[in-house]
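Here's the structure, in C-alpha cells; my notes come after.
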Amino acid sequence: MRIALAVNGSVHTLDVEPRASLLDALRDGVGLTGAKLGCERGECGTCTVLVRGRPIYSCLALACESQHVPIETIEGLANPPEQLHPIQRAFVAADALQCGFCTPGQILSATALLRDNPRPTDAEIKRAMAGNLCRCGTYPKIRKAIQAVTRASPRPSGRPAVRPSE
Ligand code: FES
C-alpha cells in the first residue's frame with residue numbers, strides 16, 4: 001500500500017506492506033536509521049520516536065496508521081543539522097553513552113520530557129525515562145545530562161529557587 005509519512009517536517013511517500021511497522025518504514029523506506037530495532041516488543045525503547053510530540057515505541061506502531069501526524073526522529077533534532085540540539089550536547093558533555101545503541105531513543109524521550117516540563121525533578125526524570133533501557137547502564141550520566149539542561153533553562157516564576165535534591 002502507498003502511504004505518506006510526515007517526518008521531521010517533510011512528507012515521504014512510501015510503498016509498504018500493510019503489516020510494516022513505523023520503525024521499518026522509517027529505517028528501510030525513509031532511510032532514517034537513528035531509531036534502532038531492539039527487543040521488537042515495546043520493552044527496550046531503542047526504537048523511540050516522537051509522534052505528535054510524544055515518545056512511542058515505533059516497533060509497535062503500524063506505518064499505515066502513522067500517517068497525517070508529525071513524526072520526529074533523532075535526525076530531525078539538530079537544527080541546523082550541523083549544530084547539535086542542547087540535549088544532544090548535554091549527553092556528549094556528560095559522557096552519557098557507551099555503545100550508543102539506546103542513545104537516540106533516550107534523547108528523544110528526554111526531549112519530550114523537557115518540552116512539557118523544563119524543570120523536572122529527579123523523580124519526574126526517572127519516571128519519564130523509565131521506558132528507555134540502557135544495557136550499558138549509563139542511567140546516572142543520562143540523568144546528569146538531563147539535569148544539566150534543566151539547570152540551563154530559565155526558571156519559571158513561582159517555582160522554588162532550589163529544589164530539595166540540589
Ligand atoms: Fe549502550 Fe545505552 S549506551 S545501551
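The first residue in the sequence is number 1, and the count goes up from there. Computed from heavy atoms alone, side chains included, the values below leave out hydrogens, waters and symmetry copies. Both counts, for ligands and for their atoms, begin at 1 and track the order of listing.
- Across every non-hydrogen atom of Cys102 and Leu133, the tightest pair is CB-O, 3.4 Å.
- Taking a cut-off of under 4.0 Å to the non-hydrogen atoms of Gly100, the atoms of ligand 1 that pass are 1 (Fe), 3 (S).
- Angle SG(Cys102) to atom 2 (Fe) of ligand 1 to SG(Cys134), rounded to 10°: 110°.
- Environment of CD in Glu40: sparse, with no more than 12 heavy atoms of neighbouring residues, nucleotides or ligands closer than 6.0 Å.
- Met1 and Leu5 fall within the same hydrophobic cluster, where Ile, Leu, Val, Met, Phe, Trp and Tyr residues are linked whenever their side-chain heavy atoms come under 4.5 Å apart, directly or through other members.
- Of all heavy-atom pairs between Pro18 and Cys64, the closest is O-SG, 3.8 Å.
- With a 4.5 Å cut-off on side-chain heavy atoms, Asp116 and Arg54 count as touching.
- In summary, an N, O or S atom of Cys136 is located under 2.8 Å from atom 1 (Fe) of ligand 1.
- With respect to atom 3 (S) of ligand 1, the closest heavy atom belonging to the protein is Gln98 N, 3.2 Å.
- At a cut-off of 2.8 Å, Cys99 is not counted among the residues with an N, O or S atom near atom 2 (Fe) of ligand 1.
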